[in-house]
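Here, residue 1 is the first one in the sequence, and each next residue gets the next number. All values below come from the heavy atoms of this structure, side chains included, with hydrogens, waters and symmetry mates left out.
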Amino acid sequence: FLSQKMSFISELIQQMNTIGMEAFDFISFISIIIAISFILKQKYVLSQSQNICILVFMTSTIYRSWNISDEGAFLCYKPATIWNSCISGRFMATFGEFAILNFLLFKMGLHDYNNGKIWKIVMTLCAIAESCSWFGCIFRYSKFFCIEYMIWNIMLTIMICSNIKSGNYVARFAFFVITLFNFFGEIPHFWHYKLERETSLFLSLSDPSNPVWNDRIMFFIGYYNIIPL
């Protein structure tokens with residue numbers, strides 16, 4: 001089943017290329033439509049913290065979908081500007097990831113579970129993970145991203161195993177799939193990745209034909225298209 005899905009995605013990408021539409025333009029377009037539709041569909045009361053969190057995440061998703069970049073590789077898909085630079089992408093990702101994590105903890109009833117201990121543990125781990133991501137960008141050392149993803153796997157495992165009686169089995173299964181993807185996709189990618197050129201936090205290299213985009217296409221589809229759903 002998985003191989004059929006992967007084959008379908010590959011064929012879809014090839015078809016898009018034949019009609020002059022780049023794969024990442026398509027991913028970006030779909031992500032923005034999903035995020036805007038979600039925001040317009042909801043009647044948010046901003047006094048509710050969980051609604052603020054999802055709005056922050058969706059705003060982050062729209063921004064990053066429009067300014068596609070790979071911060072760890074200091075690459076951007078469109079012409080390079082400050083808006084798709086490493087520091088801009090990392091800044092928006094940090095806010096977005098804290099926001100979606102808070103939202104998920106609330107939806108799964110873990111924000112006040114066990115006197116809030118789970119929330120404190122997970123948010124502390126998130127702060128450490130995001131710090132590792134920033135260190136990877138600042139010091140140009142990809143192994144920091146491996147640590148980041150390992151910490152995310154720990155966070156997701158805690159969320160999977162906590163307050164199981166509350167249900168939310170679809171979300172727990174999704175978290176399990178994400179941990180597998182991190183183990184077999186993201187972590188090996190960053191473990192072997194070597195940055196052998198001069199870089200700047202404030203201006204990435206525009207290189208839409210770089211192989212890194214194909215290597216990480218499933219990450220972008222998941223982060224920009226599936227998670228917002």
Side-chain angles (χ1 to χ4, degrees), residues 6-35 59-97 129-149 152 178 181-228:
M6 293 294 292
S7 176
F8 171 77
I9 292 172
S10 298
E11 291 176 2
L12 179 61
I13 293 170
Q14 292 175 1
Q15 291 173 4
M16 286 189 295
N17 285 333
T18 60
I19 63 173
M21 180 183 291
E22 296 291 344
F24 279 88
D25 293 332
F26 180 76
I27 294 170
S28 174
F29 173 76
I30 294 297
S31 175
I32 292 171
I33 292 299
I34 291 171
T59 301
S60 170
T61 299
I62 292 171
Y63 182 95
R64 299 187 73 201
S65 297
W66 185 258
N67 300 285
I68 292 180
S69 64
D70 187 322
E71 293 90 17
F74 291 84
L75 292 173
C76 55
Y77 193 70
K78 296 179 180 179
T81 67
I82 185 63
W83 307 112
N84 56 17
S85 65
C86 176
I87 194 167
S88 297
R90 190 68 255 144
F91 180 81
M92 293 301 295
T94 299
F95 275 95
E97 287 164 12
E130 291 303 307
S131 297
C132 288
S133 187
W134 276 100
F135 290 155
C137 293
I138 294 170
F139 298 111
R140 295 163 30 93
Y141 188 59
S142 64
K143 300 298 189 298
F144 277 115
F145 299 112
C146 297
I147 300 172
E148 176 197 9
Y149 280 105
W152 269 98
I178 293 172
F181 177 72
N182 288 344
F183 271 125
F184 297 106
E186 293 298 281
I187 293 173
H189 168 78
F190 284 111
W191 183 264
H192 297 293
Y193 187 79
K194 293 183 179 179
L195 195 60
E196 298 176 343
R197 58 180 170 80
E198 293 296 321
T199 60
S200 168
L201 286 172
F202 302 96
L203 194 66
S204 295
L205 173 66
S206 177
D207 187 0
S209 61
N210 194 290
V212 74
W213 304 114
N214 291 328
D215 292 342
R216 302 197 68 207
I217 190 168
M218 291 306 299
F219 166 82
F220 287 101
I221 291 174
Y223 194 102
Y224 294 152
N225 295 161
I226 296 177
I227 292 179

Minimum heavy-atom distance [X]-[Y], with the two atoms named:
X    : Y    : result
D70  : V212 : OD2-CG2, 3.6 Å
C86  : S200 : CB-O, 4.5 Å
A80  : S206 : N-CB, 3.8 Å
S142 : F190 : OG-O, 2.7 Å
W66  : K78  : O-NZ, 3.2 Å

For F181, give me all partners under ring pair (Phe, Tyr, Trp, His ring centres under 6.0 Å), at least two apart in sequence or on another chain. none

Steps toward side chain to side chain contact (heavy atoms under 4.5 Å, CB included) verdict (R64, E71): CA-CA 11 Å; R64 299 187 73 201; E71 293 90 17; 3.3 Å; yes

Going by side-chain contact (heavy atoms from CB on, under 4.5 Å), C76 matches just one of I68, N210, L203, N84. Which one? N84

Say you draw a straight line from CD1 of I147 to OG of S131; how long is it, rounded to the nearest 0.5 Å? 11.5 Å

Could you go through the side chain to side chain contact (heavy atoms under 4.5 Å, CB included) check for I87 and C137 one step at a time? CA-CA 8 Å; I87 194 167; C137 293; over 6 Å; no

Inspect the contact between E97 and R90 and indicate whether a charged nitrogen and a carboxylate oxygen are less than 4.0 angstrom apart. yes

Ring-ring centroid check F145 Y149, cutoff 6.0 Å: no

Not counting sequence neighbours, which residues clear side chain to side chain donor-acceptor pair (under 3.5 Å) with W213? List them please. none

Could you please spell out the steps behind the side chain to side chain contact (heavy atoms under 4.5 Å, CB included) verdict for K143 and W191? CA-CA 6 Å; K143 300 298 189 298; W191 183 264; 3.3 Å; yes

In this structure, are over 12 heavy atoms from other groups packed under 6.0 Å from Y193 atom OH? yes

Could you please spell out the steps behind the side chain to side chain contact (heavy atoms under 4.5 Å, CB included) verdict for F135 and E148? CA-CA 10 Å; F135 290 155; E148 176 197 9; over 6 Å; no

Side-chain touch I187/C146, heavy atoms, less than 4.5 angstrom: yes

Anything under 30° is parallel, anything over 60° is perpendicular, the rest tilted; go ahead and classify F139 against F144. tilted

Backbone N or O of E130 within a donor-acceptor pair of the S133 side chain at under 3.5 Å? no

